[in-house]
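Every number for a ligand or one of its atoms is a count from 1 in the order of the listing.
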Amino acid sequence: MAQNIYDDPGFFAGYSQLPRQVRGLLGAPEWAAIRAMLPDIAGKRVVDLGCGFGWVSRWMRGQGASDVLGVDLSQNMIARAIAMTQDPAITYEIADLETLELPKATFDLAYSALTFHYVGDFDRLARMLYRALVPEGHLVFTIEHPIYMAATRPDWGQDQDGRKTWPVNRYFIEGERRTDWYVQGVLKYHRT
Ligand SMILES: C[S@@+](CC[C@H](N)C(=O)[O-])C[C@H]1O[C@@H](n2cnc3c(N)ncnc32)[C@H](O)[C@@H]1O
């Protein structure tokens, strides 16, 4: 069972104030680069994995996607996504990417922003997505980069003496990492 920090009231209150949640895609620093990687969306069936408030799900429909499925572990995030969406071609579901099973050969594009680093069993997820995509389908995703985090939050990854413990140390040892972000002990999975 995945950790669900986004349903922690304190976490959600803080997270909801971030520019990417208040301003949407214009507040997401990676968006211009990611948008350039996307295939033509018109007529495509899209799944948005870890959809959050649904900003990308709605954008995909604006680009002509035939339908979009947004999935997220958090009731808070899905409730906000539903409240912000008036579009019968977008469906939101609460689901855990650790166990999610999508129907075979159903999607043209699987998209995910800043979510896969919360998933422990990435191999299972990747195999499931491969089956869920049609031949020539696309998977486009972002994860948090450990060096990016080191640069933006220098207080992270230090021990009590201020020495860096993560992300730079033990970079090549993949696996669980804990960090404090609005709440203590946020679980993420480091991969090289
Ligand atoms: C950093 S937010 C990104 C939200 C959105 N994709 C965006 O770019 O604004 C990460 C999202 O992943 C969701 N999430 C975390 N672990 C998950 C899991 N195991 N299964 C499904 N969603 C998960 C969280 O609830 C949260 O909405």
Out of [options], whose heavy atom is nearest to [atom]?
{"atom": "atom 20 (N) of ligand 1", "options": "N76, L97, T142, I34", "result": "L97"}
{"atom": "atom 13 (C) of ligand 1", "options": "D72, L125, L18, I94", "result": "D72"}
{"atom": "atom 1 (C) of ligand 1", "options": "F12, F141, Y6, Y111", "result": "Y6"}

Side chain or backbone, does [X] bring an N or O within less than 3.5 Å of an N or O on ligand 1?
{"X": "V119", "answer": "no"}
{"X": "C51", "answer": "no"}
{"X": "L73", "answer": "yes"}
{"X": "Q21", "answer": "yes"}
{"X": "T115", "answer": "yes"}
{"X": "R20", "answer": "yes"}

With heavy-atom distances below 4.0 Å as the criterion, list the atoms of ligand 1 near [X].
{"X": "Y15", "value": "1 (C), 2 (S), 3 (C), 4 (C)"}
{"X": "A95", "value": "20 (N), 21 (C)"}
{"X": "L114", "value": "1 (C), 10 (C)"}

Note the single closest protein heavy atom to [atom], along with its residue, its atom name and the distance in Å.
{"atom": "atom 6 (N) of ligand 1", "value": "G50 O, 2.7 Å"}
{"atom": "atom 19 (N) of ligand 1", "value": "D96 OD1, 2.9 Å"}
{"atom": "atom 16 (N) of ligand 1", "value": "Y118 CB, 3.5 Å"}

Please work out whether the ring planes of F116 and F141 are parallel, tilted or perpendicular, with thresholds of 30° and 60°. tilted
Does the [X] side chain pair with the main chain of [Y], one donor and one acceptor, at a distance under 3.5 Å?
{"X": "T106", "Y": "K104", "result": "yes"}
{"X": "T85", "Y": "D87", "result": "no"}
{"X": "R191", "Y": "H117", "result": "no"}
{"X": "Q75", "Y": "I94", "result": "no"}
{"X": "D7", "Y": "N76", "result": "yes"}

Between D67 and R45 (salt bridge meaning N to carboxylate O under 4.0 Å), is one present in this structure? no
Is it the side chain (CB and beyond), the backbone, both or neither of [X] that lies under 4.0 Å from ligand 1, heavy atoms counted?
{"X": "W181", "result": "neither"}
{"X": "A113", "result": "both"}
{"X": "A28", "result": "neither"}

Can you confirm whether [X] is buried at [atom1], in the sense that more than 12 heavy atoms of other residues, nucleotides or ligands lie under 6.0 Å from that atom?
{"X": "Q63", "atom1": "CD", "answer": "yes"}
{"X": "E101", "atom1": "CD", "answer": "yes"}
{"X": "M84", "atom1": "CE", "answer": "yes"}

Take W31 and W59, measure what ring pair (Phe, Tyr, Trp, His ring centres under 6.0 Å) needs, and give me the verdict at the end. CA-CA 12 Å; W31 175 241; W59 183 88; 4.9 Å; yes
